[in-house]
Amino acid sequence: MKRWLWLGLSGLVACGGEKPDPIDVLPQACPGTTGSRLPGQRSSGLAAAEAPDGVLITFKPKVSASAVAATADFAAVVEREGGTVKRRFPSLNMVSARLSPEALAALQKNPDVLSVEPNRRVYAMGLPTRPPLVSWQGVLSTQGSVGEYTEGLKMVQAPQVWDANNDGVFDTGAPTGAGVKVCVIDSGWDSKHPELKEAFVKGKDFVDDDSDASDVSEELGIVTVGGGHGTHVAATILAQFGTGSGARVSPGEEPNGVVGVAPGASLLVARVLDVKGGGSTDDVIAAVEWCRGEGARIASLSLGAPEPSEKERVAFERVWDSGNGMLSVAASGNDGKERISFPAAYNTYVMAVGAVDLAGDYASFSQYGPELSVVAPGVNVLSATVLGAAALSDVQAGSKPFVSSPLSYTAEGSYTGRLVDCGLGTDRGACGAAATCDGFVAYVDRGDIFFEEKAHNVIEAGARAIIIGNNVADDGEGTFTLGSANTHWVPTVSVSMASGVDLKAMVGQDVTVSTRGLDYQRESGTSMSTPHVSGVAALVMSARPDLSARHVREVLEKTALDDKTTPGFDVKYGHGLVQAAKAVELARSLPMGGGPLPLP
């Protein structure tokens, strides 16, 4: 969940003026309450399809020139036709470019052009949730709290690898992922989060084309923070062990946060997804090449697209290098259908990861098919997010607390004031004569119009906090959104239908509405299962650095825990639930170099 600081409301004054006659003229908006909307951010779920970002053009290589020179020559040809070259890929004899239809038609007739395909969009593979360089790497902490061991961590046996006696201290000589670089190709990271900054080595931003891989974009002086998808993924792999993280957690949860599957691994960050959760194929290809060039042994991709790209497939084939290169691990997708998303479906070169819930059962959203390799926890996975990006809310009327849920994009803050019934909040006059620009808490019923419209209307009437009452009895507090960021939002929460009835009976009394930021949150999707597998792979490589990527993949598949529903390989569970302790045990039993493949 994204929240924006509560700005622009502290200078409100009483509206003044005489009471208008009861005619169809709305009261004047309170001063300072009519602001422009900021560019919104989408959550981490799969976004709606967008138009391709230009095309990928492959050309015939020149025998008489180096790949770099040949690519430069061809880029010049594209630009002479009026195109704009975005990226060059000498190793693939390819450029990505944006062209007019006329320029594209002219190029397609060029005898040096082998193929042209859309530069398709890719998306984060997390389900929708509520919604910061320099390089450094700190000292690995070896002691923490067993409370940092999440349900998912224990399901994949990670603590059994590096804390077999469960005392909150790394076992001497145990593999923790140390010596292994994992490249997270995603939405970037929060460089301030204490769970990640000690592991960070280097980053590159392929969205903004710079070296700052933070999950942030700036346009026209407006800074927009992403949904924390890449931070959540990276922390699942290698969140740091130990006390004193300083991050904020929900009441009742471990105060030290979480620890990752392979907390000793090193973090490379390749940002290819923008703050809306979308990216382009050419950026993924460039990121894969960069990760490999930076020495990554594992690439973790919690993203994908419904259709393949031949250029992308070739890129993954190259970094796989017949099983001797980089292990790429990717999310199967979240539409619950029998089809694996790409790049996960490039079966020979990429491990496709599906999701199970915390009971080990197939998650209904997880895409499946014959290409599926293994599964891992992907439902309600607790991990780090961008600092303050998650939220917690409180509603207190007198001595009585009410269970509430913050709306996405709510402002962060606390306000106490008179409760005013604003009905459906359909216009500025909905709150009646009880509304003044001195401020109040607006109670608004769900229905008729969007929540953001209701919020705009009651804020203009003077509301400094908002409670939305659900109108569906079995929906609890609901999961609602204000739609987009806005500097004029106020603390906004929702309550159940039953709580709404009780609150309406308290109209005129003082009510306190509070929202505050958290640094950890639970998310679901194959985006969350993928980093569990990437972390287990890092543990195996840490235990046996001499093993090839193909050996590691086979070890993970051979030691996976088979499901009870359909014994043996099947399309929904693949080879089964990845198991770190068993994988490390098998890896350690192999001869130097791993021996012949396939494994017996």
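Residues Thr530 and Met125 fail the side-chain proximity criterion, which asks for heavy atoms closer than 4.5 Å. Looking at heavy atoms from C-beta onward, Glu585 lies out of side-chain contact with Thr559 at the 4.5 angstrom threshold. A heavy-atom distance below 4.5 Å is not found between the side chains of Asp205 and Asp212. In this structure the side chain of Ser328 reaches within 4.5 angstrom of the side chain of Val319, judged on heavy atoms. Looking at heavy atoms from C-beta onward, His232 lies out of side-chain contact with Arg522 at the 4.5 angstrom threshold. Inter-residue side-chain proximity for Leu301 and Val350 is flagged as unmet; no heavy-atom pair is nearer than 4.5 Å. Residues Leu99 and Val78 have side chains in contact (heavy-atom distance under 4.5 Å, counting atoms from C-beta outward). Counting heavy atoms from C-beta outward, Trp320 and Arg550 have side chains that approach closer than 4.5 Å.
When each of Val536, Leu539, Ile298, Leu547 is paired with Val552, the side-chain contact (heavy atoms from CB on, under 4.5 Å) condition holds for Leu547 and for no other.
Salt bridge Lys181/Glu294: absent, no basic N to carboxylate O contact under 4.0 Å. The pair Asp112-Lys62 fails the salt-bridge criterion, with no side-chain N (NZ, NE, NH1 or NH2) lying under 4.0 Å from an Asp/Glu carboxylate O. Between Arg87 and Asp283, at least one side-chain nitrogen of the basic residue sits less than 4.0 Å from a carboxylate oxygen of the acidic one, meeting the salt-bridge criterion. We find that Arg121 and Asp274 are joined by a salt bridge, their nearest charged nitrogen and carboxylate oxygen being less than 4.0 Å apart.
Contact between Ser266 and Val201 at its shortest, heavy atoms only, is CB-CG2, 3.6 Å. When all heavy atoms are compared, the tightest approach of His532 to Leu153 is NE2-N, 4.2 Å. Nearest heavy-atom pair, Val379 versus Ala363, reported as atom, atom and distance to 0.1 Å: CG2-CB, 3.9 Å. Nearest approach of Leu267 to Ala234, heavy atoms of both residues: CD1-CB, 4.2 Å. Counting all heavy atoms, side chain and backbone alike, Ala583 lies closest to Leu556 at CB-CD1, 4.3 Å. Minimum heavy-atom separation, Asn324 to Arg292: O-NH2, 4.1 Å.
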Exercise for review: Please assess Gln108 against Val113 for the test side-chain contact (heavy atoms from CB on, under 4.5 Å), listing each intermediate value before the final yes or no.
Suggested key: CA-CA 7 Å; Gln108 287 175 319; Val113 174; 5.7 Å; no
**Study point:** Derivation and outcome, side chain to side chain donor-acceptor pair (under 3.5 Å), residues Glu117 and Ser309
**Key:** CA-CA 8 Å; Glu117 70 174 55; Ser309 160; 2.4 Å; yes
**Study point:** Chi angles and distances behind the side-chain contact (heavy atoms from CB on, under 4.5 Å) call for Leu107, Val77
**Key:** CA-CA 9 Å; Leu107 272 174; Val77 171; 4.2 Å; yes
Exercise for review: Take Ile340 and Leu372 through the test side-chain contact (heavy atoms from CB on, under 4.5 Å) and record every step on the way to the result.
Suggested key: CA-CA 7 Å; Ile340 303 292; Leu372 192 67; 4.3 Å; yes
Exercise for review: Show the numbers, then the answer: is there a side-chain contact (heavy atoms from CB on, under 4.5 Å) between Ile285 and Phe89?
Suggested key: CA-CA 9 Å; Ile285 294 172; Phe89 300 90; 3.5 Å; yes
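Note that the CZ atom of Phe316 and the NZ atom of Lys311 stand 15.0 Å from one another [nearest 0.5 Å]. Here the straight-line distance linking atom CG of Leu327 with atom CZ of Arg297 works out to 9.0 Å at 0.5 Å rounding. A distance of 11.0 Å separates CZ in Phe569 from CG in Asp563, rounded to the nearest 0.5 Å. Taken to the nearest 0.5 Å, the CZ atom of Phe342 stands 7.0 Å off from the CD atom of Glu371. Interatomic distance, NZ of Lys86 versus CG of Asp53, reported as 4.0 Å (0.5 Å rounding). Once rounded to the nearest 0.5 Å, the distance linking CD of Glu198 with CD of Gln240 reads 6.5 Å.
Panel note: side chain Ser383, backbone Thr236; a donor-acceptor pair is recorded below 3.5 Å. Side-chain atoms of Asn119 never come within 3.5 Å of backbone atoms of Gly54 as a donor-acceptor pair (strictly under, hydrogens ignored). Of the possible donor and acceptor atoms, none in the side chain of Thr526 sits under 3.5 Å from a partner among the backbone N and O of Ala331. Under a 3.5 Å cut-off, the side chain of Arg318 and the backbone N or O of Ser91 do form a donor-acceptor pair. Of the possible donor and acceptor atoms, one in the side chain of Glu195 sits under 3.5 Å from a partner among the backbone N and O of Val258. Between the side chain of Ser527 and the backbone N or O of Ser302 there is at least one donor-acceptor pair closer than 3.5 Å. At distances below 3.5 Å, at least one donor-acceptor pair connects side-chain atoms of His551 with backbone N or O atoms of Gly595. The main-chain N or O of Val353 is found under 3.5 Å from a side-chain atom of Ser332 such that the two form a donor-acceptor pair. With hydrogens and angles ignored, the 3.5 Å screen pairs a side-chain donor or acceptor of Trp162 with a backbone N or O of Val261. With hydrogens and angles disregarded, a donor-acceptor distance shorter than 3.5 Å links the side chain of Ser529 to the backbone of Gly354.
Counting only N and O atoms by type, the side chains of Thr281 and Arg120 include a donor and acceptor under 3.5 Å apart. A donor-acceptor contact under 3.5 angstrom links the side chains of Ser341 and Gln367, judged on distance only.
Qualifying ring-ring contact (aromatic ring centres under 6.0 Å, His included) partners for His193, counting only residues two or more places apart in sequence or in other chains: Tyr520.
The environment of CD in Glu317 is crowded: more than 12 heavy-atom neighbours from other residues, nucleotides or ligands sit within 6.0 Å.
Between Phe206 and Trp290, the ring planes lie perpendicular to each other; the angle is over 60°, past the 30° to 60° tilted range.
Within the structure, every pair that satisfies the side chain to side chain donor-acceptor pair (under 3.5 Å) test and touches residues 569-583, not counting sequence neighbours, is listed here: Gln157-Gln579, Thr566-Asp570.
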